[in-house]
Amino acid sequence: MITLLPQPKKIQEKEGSYTISYDKKIVLSADSTRQDFFYATLLKDTITKWAGSNIPILQGIEKQGDIFLTKQEQSHPEGYHLSIRSDGITIAGQNTGLLYGIQTLRQIITQFGAVLPEVEIEDMPDFSHRGFYHDVTRGRVPDLDYLKKLADRMSYYKLNELQLYIEHTYLFRDLSEVWRDETPLTAEEILELDTYCAQRGIELVPSLASFGHLYQLLSTKTYAHLCELEDSETQTFSFLDRMQHHTMNISDPDSLNLSKALITEYMSLFQSNHFNICADETFDLGKGKSKHLAEQKGTNQMYLSFVKELCEYLVSKGKQPMFWGDIICGFPESLSELPKETICLSWGYLPNQRDEETKRLAKAGAVQYVCPGVAGWNKLVNNIFSSYQNIKIMCEHGKKYHAVGVLNTDWGDFGHVNHPEFSVPGMIYGACFSWNGEEISYEELNRKISELEYHDTSKQIVSLLGQVEGTDRFNWETMIRFAEKWRDGIPKEKQHEVAQSLEISEKDQANQKLKEVYTKLLECVSHMDSSSRELISAACLAIDGICLLNCIGSAVKERLLGREKQTEDIELAGQLEQWFYQYKMLWRTVSKEGDLARIAPLIFWYADFLRERYPKKFE
């Protein structure tokens with residue numbers, strides 16, 4: 001039985017086999033391009049690694065026994081036909097269709113090595129745009145090697161669009177005040193990644209906050225005057241405030257000029273003809289410096305006017321604008337005032353996400369993507385089952401209301417603490433359901449991902465990771481909310497009330513379950529390919545972290561209720577610091593420093609809290 005992801009539309013397995021040996025050839029048809037040659041090198045490398053033969057690439061006329069890559073038009077621009085016979089292999093398709101046929105063959109080779117089963121496959125996608133959206137601002141700034149690995153994985157599973165969410169983590173030439181204490185991506189890195197993605201059939205789409213969510217920019221002395229709320233440059237850093245405030249004061253003309261200038265500088269790095277201006281969660285609009293304008297025009301019209309200006313500017317530059325649809329969904333009739341080229345990104349992240357927003361935007365005539373999520377934000381390990389449910393149902397909504405694309409999101413709220421490896425199953429869920437919406441159960445899909453991505457012959461690694469969901473009794477967001485509330489001042493007479501609000505129920509049962517998962521994960525190591533085993537170490541570290549935080553949350557609650565400091569509290573503080581040292585080491589294997597400098601004080605504050613009843617405020 002052949003395991004393929006995404007599942008092809010038509011597959012017919014037959015009797016017989018094709019043998020890859022040293023005397024076989026990969027032959028490109030005469031009309032092939034240099035891009036096709038690159039695709040052929042991907043196949044050659046896979047054959048060398050998994051079938052043990054270093055076979056040559058030729059161009060011209062095929063002979064019996066060859067692996068023939070031919071440019072043939074299919075019923076869909078990204079469609080392909082793969083035929084494995086005893087006397088040869090043929091892959092037919094145009095451009096990325098040929099690539100996707102090769103990716104399917106590569107998946108088969110990793111399972112069967114040099115002796116491949118005969119099979120006929122005809123395939124094409126449901127959605128033309130199948131994307132992954134990675135937050136590289138709030139927490140992690142991935143290094144270039146990791147971003148390239150991400151692109152390789154995306155191409156392998158037939159995803160064709162990548163967006164990196166940027167607020168302040170790009171090194172704008174004249175904005176050193178914005179990125180001076182960050183580790184931003186550089187122009188060279190973006191240019192190199194853009195080329196790397198294009199080779200693999202992926203459009204790297206620029207995505208830049210240009211209206212709301214501009215914490216770092218609007219907290220500088222130079223640009224604080226453009227923040228809707230007063231005194232943004234004097235405020236202490238807050239994970240919560242970074243999520244909730246810092247919207248442009250659009251009553252000041254300089255706001256529009258600044259947004260356009262940033263867009264102009266950033267878009268020059270990309271081959272893409274799209275640009276995502278974001279424009280989501282403009283929570284403060286009309287509540288501060290532009291209140292007078294809101295009283296005259298209303299916040300809806302204010303929002304629309306600013307977004308329209310940016311979209312029209314992009315169209316004038318030959319770009320197709322995109323923006324998040326959460327605000328305009330409240331007055332969708334206004335979509336008709338935006339340029340017809342505009343794409344609305346309709347997001348929803350609940351496991352049982354309703355279709356109301358997608359339906360409303362479709363009824364208003366929006367060209368839209370549906371945007372589910374991998375459910376990793378505020379978690380040390382992603383909520384894998386919830387992400388499966390959410391991605392599956394959002395893709396169903398997209399098909400029902402004729403969305404043109406799917407953009408599967410990986411946000412970094414409150415520091416992007418989850419190791420990015422834990423988002424890979426969710427990324428693959430998105431690849432599968434955006435290519436082929438045919439029903440496939442959670443358990444079956446997890447088995448296939450375990451086998452194909454992690455080469456786990458036990459086929460249980462992904463489902464084991466899924467069992468972590470719901471075990472974090474004192475989760476990352478709760479940790480942050482409590483610490484920031486303490487920093488802002490909790491009167492002693494209110495501490496009992498705050499303690500009661502901390503839900504740390506069944507902590508021991510949760511930790512026992514985590515220990516069982518931990519053991520089972522270690523048992524998987526011998527079933528996995530050596531290149532995939534690092535996942536187990538990362539998962540075990542995350543599980544230890546969840547257990548620790550559960551215990552710390554319980555200790556914090558008891559201390560607030562009046563229990564005296566105990567030896568166990570001091571031991572917990574040491575364990576937390578030891579754990580965080582290992583966490584930093586793992587972080588640095590795939591990411592720049594990013595928000596480690598913000599996460600560390602939070603961790604150390606909790607260690608101090610355990611050692612003393614009333615520690616200093618964290619900074």
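What you see is a predicted model, and the numbers here were worked out from it, not measured in a lab. Throughout, residue positions are numbered sequentially from 1 according to the sequence presented.
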So OH of Y146 and OG1 of T589: to nearest 0.5 Å the spacing works out to 10.0 Å

Taken to the nearest 0.5 Å, the spacing of T137 OG1 from L164 CG works out to 9.0 Å

Does K592 pair with E189 as a salt bridge, N-O distance under 4.0 Å?
yes

ask   = Does any donor atom in the side chain of Y133 or S207 lie under 3.5 Å from an acceptor atom in the other side chain?
value = yes

D472 bridged to K379 by N-O distance under 4.0 Å:
yes

Q. Does R473 come within less than 4.0 Å of E506, counting only side-chain N to carboxylate O?
A. yes

Separation between CG (L586) and CD (E534), nearest 0.5 Å, reads 9.0 Å

Does the distance from a Lys or Arg side-chain N to an Asp or Glu carboxylate O, for K221 and E233, drop under 4.0 Å?
no

Applying side-chain contact (heavy atoms from CB on, under 4.5 Å) to A555 and not counting sequence neighbours gives R563, D569, L572, L610

**Asked** Given the rule in the side chain to side chain contact (heavy atoms under 4.5 Å, CB included) test, do C371 and W324 qualify, once you have shown the distances and angles that lead to the verdict?
**Response** CA-CA 9 Å; C371 305; W324 298 106; 3.7 Å; yes

Regarding K448 and E453, does a basic nitrogen lie under 4.0 Å from an acidic carboxylate oxygen?
no

- Query: Taking the six-membered ring of F239, is NZ or CZ of R598 closer than 6.0 Å to its centre and within 45° of its axis?
  - Reply: no

Check: Can we say E516 and K520 salt-bridge, meaning some charged N sits less than 4.0 Å from an Asp/Glu carboxylate O?
Finding: no

Distance col, row Q368:CD vs S346:OG, nearest 0.5 angstrom, shows 5.0 Å

### Query
Could you go step by step and tell me if F211 and F323 meet the ring pair (Phe, Tyr, Trp, His ring centres under 6.0 Å) rule?
CA-CA 11 Å; F211 195 169; F323 74 110; over 10 Å; no

Worksheet item: Just by distance, with hydrogens left out, do E230 and N249 show a side-chain donor and acceptor under 3.5 Å apart?
Response: no

Between L229 and the options D241, D284, T247, the side chain to side chain contact (heavy atoms under 4.5 Å, CB included) test singles out D284

message: Keeping D413 on the side-chain end and M243 on the backbone end, is there a donor-acceptor pair under 3.5 Å?
response: no

_Taking R447 first and then E443, would you say they form a salt bridge - that is, a charged N and a carboxylate O separated by under 4.0 Å?_
no

